[in-house]
Structures are given as structure tokens and as C-alpha cells.
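First comes the structure, then the notes that go with it.
Counting starts at 1 for both ligands and their atoms, following the listed order. Please read these numbers as outputs of a predicted model, since none were measured by experiment.
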Amino acid sequence: MSTTPARTALYPGSFDPFHVGHLDVVEQAVELFGSVVVAAMHNPGKPSGVIDLETRVRLAQTSVAHLPSVRVVAFPGLAVDAARDLGADFIVKGLRSASDFDVEQQMAHTNHSVSGVRTVYVPARPDVSYVSSRFIREIGSHGGPIGHMLPAVVADEVATILRRRSDR
Ligand code: PNS
């Protein structure tokens with residue numbers, strides 16, 4: 001049997017917040033590549049996100065703590081620069097739907113055209129393919145049930161953060 005050398009995949013995203021769909025992508029990427037760097041992307045000149053960057057990174061770190069070949073970082077700027085600086089061979093993305101595909105395909109081609117870095121898609125697990133950070137934020141800000149869409153180790157904290165933010 002031939003063995004494939006371990007590779008590193010970059011998984012860029014906003015992770016606002018990191019949810020069970022993200023965890024599924026990370027777990028699939030570990031199987032495919034060996035190592036994964038989860039990068040919470042941000043633009044230093046433009047604060048973004050409902051949950052602050054440091055907290056987003058910490059929640060993602062807690063969510064993947066059971067996977068020793070995964071690390072989580074914050075990265076300012078372009079995904080292709082993150083791939084180069086963090087030693088990633090590929091970018092990995094999860095696809096939930098045809099509309100995800102349309103957006104991701106344009107990004108993948110653009111990223112390849114400017115850097116030569118290729119993007120590999122993994123299909124979202126059917127039972128988590130409806131999950132989105134946007135709806136978690138919206139439901140969570142009204143105190144609605146979001147725990148089933150979040151990694152169990154961070155579910156209570158995310159619910160508290162989103163409820164508090166809506167009180168401001
Ligand atoms: O979780 P999201 O919001 O779908 O992630 C989008 C993200 C962060 C992966 C994408 O916006 C991105 O790669 N941003 C970094 C800036 C960049 O590389 N822009 C060029 C895209 S072709």
C-alpha cells in the first residue's frame with residue numbers, strides 16, 4: 001500500500017461563531033490532509049464580526065481541542081497570503097448548497113489565479129448542512145435555541161455572548 005505524505009490545509013473563514021458545520025469540515029480535512037490550520041480572517045483596518053476576533057479564535061480553539069493536528073489562528077489580510085505564511089498546501093472549504101458553490105467557485109478561481117494555491121471542497125454532512133453562523137447569531141440574539149448547532153463545549157458560552165450583545 002502506498003502512503004501519501006501528510007499535507008496541511010488552510011481553512012479560512014469568519015467563524016462568527018464557529019459551529020458544528022465548521023467542525024465537520026475540519027474533521028473531514030484532517031482525514032484528507034493530516035494537518036489543518038483554521039484561520040479566522042480579518043481586516044485590521046475594518047473591525048468586523050458580532051463576536052470579537054479574540055473570542056472567535058478562542059471558541060474555535062476550544063471546539064477543536066480534541067484534534068491534535070489542528071491549530072487556530074487569526075490572520076489579517078488575504079487567504080492566499082495566509083496559506084503561504086502558514087505553510088498550507090491547499091485551501092479547504094465546505095459546500096452546503098449550490099449557492100455556496102457559486103460563491104466559493106469564484107473565490108477558488110480568483111485565489112488560484114493570483115497565487116497558484118488550489119481550493120478543495122468537502123461536502124457538508126447532511127445533518128449539519130443547514131447550519132449557518134448568520135442564523136445562529138440572529139436566533140441567539142433573541143435568546144432562542146442554538147445549542148444543537150454549536151460544538152457542545154462552547155454552546156453555553158456562545159449563547160450567553162449573543163444574548164448579552166443584544167442587550168447593549
Ligand atoms: O466564513 P465566511 O464569511 O464565509 O468566510 C469568507 C472568507 C473569510 C473565507 C473570505 O472572505 C476570505 O477569504 N477573506 C480573506 C480576504 C481574501 O482573501 N479575499 C480575496 C477573496 S478571492
Side-chain angles (χ1 to χ4, degrees), residues 7-30 32-33 35-64 67 70-141 146 149-151 154-155 157-158 161-162 165:
R7 302 272 204 158
T8 299
L10 176 82
Y11 181 27
S14 305
F15 307 119
D16 186 28
F18 189 93
H19 56 59
V20 288
H22 296 135
L23 183 56
D24 167 47
V25 174
V26 171
E27 287 172 344
Q28 294 194 53
V30 167
L32 287 167
F33 298 102
S35 297
V36 179
V37 184
V38 176
M41 304 303 296
H42 64 105
N43 180 342
K46 214 169 103 183
S48 67
V50 165
I51 301 175
D52 69 72
L53 180 68
E54 199 183 316
T55 305
R56 277 187 267 151
V57 169
R58 183 174 53 73
L59 291 167
Q61 276 165 343
T62 304
S63 303
V64 300
L67 299 166
V70 179
R71 66 191 169 111
V72 182
V73 299
F75 194 91
L78 299 177
V80 292
D81 290 340
R84 184 198 58 218
D85 292 2
L86 299 166
D89 308 288
F90 298 98
I91 292 171
V92 68
K93 293 290 188 77
L95 292 183
R96 293 167 297 189
S97 63
S99 57
D100 274 358
F101 176 79
D102 289 341
V103 175
E104 295 301 343
Q105 186 79 335
Q106 188 179 15
M107 270 198 272
H109 287 315
T110 306
N111 283 331
H112 182 255
S113 77
V114 298
S115 69
V117 175
R118 295 206 181 274
T119 297
V120 175
Y121 304 133
V122 297
R125 219 174 60 210
D127 60 307
V128 297
S129 64
Y130 67 94
V131 176
S132 82
S133 293
R134 180 178 149 214
F135 293 137
I136 290 173
R137 290 195 302 270
E138 191 172 344
I139 294 166
S141 73
I146 53 173
M149 295 186 276
L150 294 159
V154 296
E157 185 176 356
V158 173
I161 290 169
L162 292 175
R165 279 207 57 104

Give every pair formed by an N or O atom of ligand 1 and a protein N or O atom closer than 3.5 Å, one pair per line with both atom names and the distance to 0.1 Å, or write none.
unit_1: ligand 1; atom_1: 1 (O); unit_2: Ser14; atom_2: N; d: 3.0
unit_1: ligand 1; atom_1: 3 (O); unit_2: Ser14; atom_2: OG; d: 2.6
unit_1: ligand 1; atom_1: 18 (O); unit_2: Ala79; atom_2: N; d: 2.8

Under 3.5 Å, sequence neighbours excluded: what are the donor-acceptor pairs made by side chains of residues 83-91?
unit_1: Arg84; atom_1: NH1; unit_2: Asp81; atom_2: OD1; d: 3.3
unit_1: Asp89; atom_1: OD2; unit_2: Thr8; atom_2: N; d: 2.8

Report task. Look at the side chain of Arg137 and the backbone N and O of Asp16, then say whether any donor-acceptor pair between them is shorter than 3.5 Å. Result -> yes
Requested in this report: Before accepting this row, confirm whether a basic side-chain N of the pair Arg96/Glu104 lies closer than 4.0 Å to the acidic partner's carboxylate O.
Outcome: no
**Report entry** Residue pairs passing the side-chain hydrogen bond (donor to acceptor under 3.5 Å, both in side chains) test where at least one lies in residues 127-136, sequence neighbours excluded
**Finding:** Arg125-Asp127
Query raised in the report: What is the minimum heavy-atom distance between Ser63 and Leu23, and which atoms define it?
Result: O-CD1, 3.7 Å
Quick one: side chains of residues 37-46, donor-acceptor pairs under 3.5 Å with protein atoms, not counting sequence neighbours, listed by atom name and distance.
unit_1: Asn43; atom_1: OD1; unit_2: Gly45; atom_2: N; d: 3.1

